[in-house]
Structure formats: C-alpha cells, structure tokens
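Not measured: the values here are computed from a predicted model. Proteins come first, then strands; the chains are lettered A, B, ... in the order of their sequence lines, and each starts at number 1. Values below: all heavy atoms of this structure, side chains included; hydrogens, waters and symmetry mates excluded.
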2 protein chains.
Amino acid sequence: MRKGEETRTRILDVAEAAVLQKGFGGTSIEELIAETGITKSGFFYHFKDKNELAKALLNRYIENDERIYDEIFSRARDLVDDPLQSFLLGLKLLSELLSDLPNGHPGCLVATVCYYERLFDREIRETNRNAVLAWRHRFRGMFEEIMAVYTPREPVHIDQLADMVSAVLEGGIVLSKALKEPNTLAEQILMLRTFVKLLFQPSVEVLRA
Amino acid sequence: MRKGEETRTRILDVAEAAVLQKGFGGTSIEELIAETGITKSGFFYHFKDKNELAKALLNRYIENDERIYDEIFSRARDLVDDPLQSFLLGLKLLSELLSDLPNGHPGCLVATVCYYERLFDREIRETNRNAVLAWRHRFRGMFEEIMAVYTPREPVHIDQLADMVSAVLEGGIVLSKALKEPNTLAEQILMLRTFVKLLFQPSVEVLRA
DNA sequence: GAAAAACTGTACCGGCGGTACAGGAGGGGC
DNA sequence: GCCCCTCCTGTACCGCCGGTACAGTTTTTC
C-alpha cells in the first residue's frame, strides 16, 4: 500500500518531465521504466495503459497547479486588504516564483493535452477543459471582488478578463520555451499586472479633481 | 517538377492537420500516406525522415503566418494614418479573421514544436526561436511608431509589450482548444486591444484639461 | 506467519519508423 | 524515336515500442 504509492509517484515524476519535453507521443514506456528502474510488468501493474498514465499525470498536475495558486493568492489576500492591491500583489508574487525557477517553467500539461486532443479519450479532454474553467472561475472571483470597489476604465467582460490571466500564463510559457528565455514568462505576468492596474486604478487626473 | 510539388504540398497539408491534432509523436507516417493516397516509398522520396517533414512543415507554417500578419497590418496601415489607431484596427481585423474560422484556430505549430523540443534537432529549434523573435521584431516596430507619437501611461519595456501580442495569441489558442470555444481566441485579442488602447490613449480627463 | 500488495521474467503480437533497392510510368529535350 | 530525369510503386526486411498474458517471486502489512 505505502510502497506502491511511492513507486507510482516516481513513475509520474519521470513521466511528467519526459512528457513536457517530448510530448505524450514522443515519450516511450520503455524509457520511463529504464529511468525509474522498474520492469515493464511493474509499470503495467500501476497503469493499465498509456491513457491511464496520462489521466493520472494530468490530474496530479492540475491539483498541484491549483494548490500553488491557492497559496499565492491567499497569501496576497492576507498581506493586503484592498482586493485590487491584493490581486496585483498576487501577480507580483507569481512572477517572482516563476522567475526563481532555475531552468524556466517546465511547461504546462494542460497545453500539452490540448495539442494532443485526438490521442486521448473524452474523459481526459473533459478534465482538461474543466481545469481551464476552474482557472476562469478562480480569477473571475477575484475580479468580481475588485469590481465591487473599482470601476473599469474600459468596458470588459469579466470572464474574458479572467481568461486573460490564463492566456498570458499559457502564452508566456510557450514564448519562454520557444525562446529559451526563462524570464519572458515572469515579464509577461508583470505586463498583465500593468494592464490590470491601468484598467482599475483611478487615474492621477481623477485623483486631482 | 510540377507534379512533385503538388504531391509534396498534399502531404504537408495532411501532415499539418494531423500534427496539430495529435502532435508529431502521435502522427504516424503510415496514416499520412494512407490519407494522401501515396505509398511509403513515395513519401520517403519527398522527405528523407520525419525530422525533415517537421522542418518543411514548420517553415511553411511560419511563412504563411508571416504573410497573414503582413496582409492584415499593412491593410490597417492603408486605412488609418495614426499608428496607434492603425494597430488597434489591425488587432480588430485579426480578431475578426480568427472568429471567422469555422472550427476555431487549428493550433500553432510553433507551440507544438516548443512542447516537443527534445524530439527535434537544433536546426528546428533554432527556426522556431527565430519565428518568435520575428514576431517580437514585427510588433516592436509597430510600438516604436506608436511611441513616437504617444507616451504610455505606465512605464513598459517595448520588447515585453511586443511579446505580449504573441503571448496572448498563443495563450488564446491554447484556451480555445482546451475549452472547445473557438471565440475565446478572438476575445483575447480584443482584450489585448483594450490594454493597448488604455496604455496609449490620452485619458478623457487629460483631454478635458 | 498468512494474506495481500508489489512487483519480476518470459514470451509473444502487431504497428510503426526507417532502410534498401529494383523497377516502372510519363514527360521534355535532342 | 530514344534518352534521361522526375516521380513515383512494390517488396522485403530490421528493430523499437505499446500492449497482452500469465506464472512466479519478493516485500509489506496486519
């Protein structure tokens, strides 16, 4: 019971790194068992096929992802009262966390899955979709709190605004990986921060009035 | 000579659609030749291996991509004189073009390649990197023209601002695909447009003064 | 110490990427 | 009318990989 979990985790660790570098189709089971130091039979004891591995990988990734956002934004919430300032601080903390990653962001499994849709069953695609909807829900909640206090200087749809956070994150990851510039992702988060600031912060002129 | 080009193009067409749906690793040569109606020998006459296919695919994709941006933004340039208004119009045209795609954006090969890095040789990764740098260069040029006339309301690095266009595009594609909501991409472009507008347009308050 | 969990070993299948090589159809130039 | 070049087809083969099957063994847990 306990030992099994550990091996399973080790397989998932190796698999996650491999999949983010080579995609699902480019990652062979043989290579995973070689690196994990397990036999093929051992692998199939834990996962009945590659699809099941993908499912476990994606679920674990999403859980971890959610946990990180929970931590960052609840910490920002604790430090600052105002919802706008708290969100801006959260983005700052996020960008710092991302720029502290030594080799850059390893890649997002949700993006990997969406570029592999036809290879997986409906359950995985549904899980993936729900992960993006959860991001939307999370950021939407934050923008609702902000909009209860501030009025945006331009009309925006709140869901689209929430999605923009996810979009800049995903896009930033792609750029960072393609450019081999780890910092690009953190910089993009800060660009997004500038946008949110501009959108909600009363202008100097208004304050003067 | 003529016939060969045609077959080659047909292979690339089939391969591009397949790769964007299943990734490189998930796309088999056998399936490509089945759909193209060609034999395996015929395929290898045109491309000596999968890596060469990837190279041709990526180069063609990038060229086409550049062509589309050229058309859209030069058209916007013709219609409007002011560099800011011209860029905003370009984003509008781009979002319209994207929302007119019946099945949504099929996916970006540059993103696919960056999630497959370890599978390809250095040449392909370099090509991919240069494609992203070309986007940066393109949008940087536009923002330079804008900044010659307008002053941003918040301090921004011009390269990061240029990268944000690419980031929102790439991120929007990921979200659109994952959510199965074709419109999300177009909406994100318009969100970016709102940002650029806010960043450069003199506020109402200033105009009143 | 027994039962259950967590594996190992072996043998096998079919699909796929890739190689090799021989040969043929069709068109353009001489 | 012949030749050569491009553009393929056909056949045979290799080794890797995903996956199956299943019997046997070690390790953990209670």
[X] [atom1] to [N] [atom2]: how many Å, rounded?
X        : N      : atom1 : atom2 : value
B:Glu6   : C:dG26 : CD    : P     : 16 Å
B:Phe120 : C:dG17 : CZ    : C1'   : 14 Å
A:Lys50  : D:dT20 : NZ    : P     : 13 Å
A:Tyr45  : C:dA6  : OH    : P     : 4 Å
B:Asn51  : C:dG17 : CG    : P     : 14 Å
B:Ile33  : C:dC16 : CD1   : P     : 9 Å
B:Leu32  : C:dC16 : CG    : C1'   : 12 Å
B:Phe43  : C:dA20 : CZ    : P     : 17 Å

Exercise. State whether a side-chain donor-acceptor pair under 3.5 Å links A:Asn128 with A:Arg125.
Key: no

Self-check item: Step-by-step side-chain contact (heavy atoms from CB on, under 4.5 Å) determination, A:Phe43 to A:Thr36
Solution: CA-CA 9 Å; A:Phe43 175 88; A:Thr36 323; over 6 Å; no

Exercise. Ignoring backbone atoms, establish whether A:Thr7 has a side-chain N or O less than 4.0 Å from OP1 or OP2 of C:dA6.
Key: no

Quiz item: Out of C:dG17, D:dG19, D:dC17, which has the shortest distance to the side chain of A:Phe44?
Solution: D:dG19

Exercise. With the side chain of B:His46 defined as its heavy atoms from C-beta on, choose the nearest nucleotide among C:dG17, D:dC8, C:dC7.
Key: D:dC8

Self-check item: Side-chain-base donor-acceptor pair under 3.5 Å for A:Lys40 and D:dG19
Solution: yes

Self-check item: Base C:dG9 paired with A:Ser41 side chain (donor-acceptor, <3.5 Å)
Solution: yes

Quiz item: Is it true that A:Arg60 and A:Asp13 have a side-chain N and a carboxylate O under 4.0 angstrom from each other?
Solution: yes

Quiz prompt | Criterion side-chain contact (heavy atoms from CB on, under 4.5 Å) on B:Phe195 and B:Leu91, from CA distance to verdict | solution = CA-CA 11 Å; B:Phe195 173 43; B:Leu91 288 181; over 6 Å; no

